[in-house]
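What follows is a set of notes on a single structure, which appears directly below.
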Amino acid sequence: MRRIPRGRVATYGEVAALAGFAHAPRLAGYALHALPEGTPLPWHRVVGAGGRLSLARLSPAGALTQRLRLEAEGVSFDPRGRVRLALHGWKRGPRARRAAQPRRARARMRP
DNA sequence: GCGGTGACGGTCG
DNA sequence: CCGACCGCCACCG
């Protein structure tokens with residue numbers, strides 16, 4: 001979790017995979033649930049698939065805290081309250097895409 | 001040991 | 001865009 005850069009988010013599945021549990025995203029959820037109150041870990045940067053704040057089910061207040069913390073880092077949400085992964089996804093965002101695509105053809109000159 | 005239960009994720013209707 | 005299921009696996013009663 002600490003690896004997730006400020007202003008970017010990762011999904012439970014990604015966190016689980018990074019921890020070596022590629023086929024058990026639920027474990028990530030379970031682990032987060034077990035975090036102590038004032039944990040220094042950036043737990044707010046972990047979101048559900050599609051950018052949903054899964055915490056909402058368990059604790060709407062907690063989800064609000066998560067949202068405020070993310071917005072404070074510059075993370076934006078869509079009208080339905082989901083993180084815009086296309087912009088802030090650690091592995092799917094614009095930055096990740098640039099890293100993945102070695103070379104992007106330059107716009108051609110005017111004919 | 002057993003069955004129910006998720007801060008999950010993907011599929012299907 | 002829902003809601004219902006299903007596979008998943010450590011916890012818990």
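It should be emphasised that the depicted structure is a prediction, and the values quoted were computed from it without experimental measurement. Each chain gets a letter, A, B and so on, in the order its sequence line appears, and its residues count up from 1.
Under 4.0 angstrom from either OP1 or OP2 of C:dC2 there lies at least one side-chain N or O belonging to A:Arg80.
Residue A:Met1 contributes atom CE, which lies 11 Å from atom C1' of B:dA7 at whole-angstrom precision. Between the CZ atom of A:Arg57 and the C1' atom of B:dC8 there is a distance of 11 Å, given to the nearest Å. Counting to the nearest Å, the P atom of B:dG6 and the CZ atom of A:Arg52 are 17 Å from each other. Rounded to whole angstrom, the span from the CG atom of A:Leu53 across to the C1' atom of B:dC8 amounts to 14 Å. To the nearest angstrom, C1' of B:dA7 lies 17 Å from CZ of A:Arg45.
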List every contact pair, protein side and nucleotides 11-13 of chain B side both N or O, where the distance is under 3.5 Å.
none

Between protein and nucleic acid, restricted to nucleotides 2-4 of chain B and to nitrogen or oxygen atoms under 3.5 Å apart, what atom pairs and distances do you find?
none

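DNA chain C contains the following stems of three or more consecutive Watson-Crick or G-U pairs, with both distances under 3.5 Å: B:2-6 with C:9-13, B:8-13 with C:2-7.
Rounding to the nearest 0.5 Å places CD1 of A:Ile4 at 6.0 Å from CH2 of A:Trp90. Rounded to the nearest 0.5 angstrom, A:Leu70 CG and A:Arg8 CZ are separated by 13.0 Å. To the nearest 0.5 Å, atoms CG (A:Leu32) and CG (A:Leu27) are separated by 11.5 Å. Atom CG in A:Leu55 sits 6.0 Å away from atom CD in A:Gln66 (nearest 0.5 Å). Interatomic distance, CZ of A:Arg45 versus CZ of A:Arg6, reported as 6.5 Å (0.5 Å rounding).
If you find the closest nucleotide of DNA chain C to A:Phe21 and to A:Arg82, the one lying nearer the 5' end belongs to A:Arg82.
In this structure, A:Leu41 is a member of the same hydrophobic cluster as A:Leu18, with clusters built from ILVMFWY side-chain heavy atoms closer than 4.5 Å.
A:Arg52 pairs by the salt bridge (Lys or Arg N to Asp or Glu O under 4.0 Å) definition with nothing, not counting sequence neighbours.
Of all the residues in residues 24-43 of chain A, A:Pro25, A:Arg26, A:Gly29, A:Leu32, A:His33, A:Trp43 reach under 4.0 Å from DNA chain B with at least one non-hydrogen atom.
If you check every strand for non-hydrogen atoms under 4.0 Å, A:Ser59 touches nothing.
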Review point. What do the steps show when you test A:Val47 against A:Arg82 for side-chain contact (heavy atoms from CB on, under 4.5 Å), and what is the final call?
Key: CA-CA 9 Å; A:Val47 302; A:Arg82 297 170 310 187; over 6 Å; no

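Residue-environment remark: CZ (A:Phe77) exceeds the threshold of 12 foreign heavy atoms within 6.0 Å.
Checking A:Glu73 against A:His88 by side-chain atom types alone, no donor-acceptor pair falls below 3.5 Å.
Listed by first and then second residue, the salt bridge (charged side-chain N to carboxylate O under 4.0 Å, His left out) pairs involving residues 12-32 of chain A are A:Glu14-A:Arg92 (not counting sequence neighbours).
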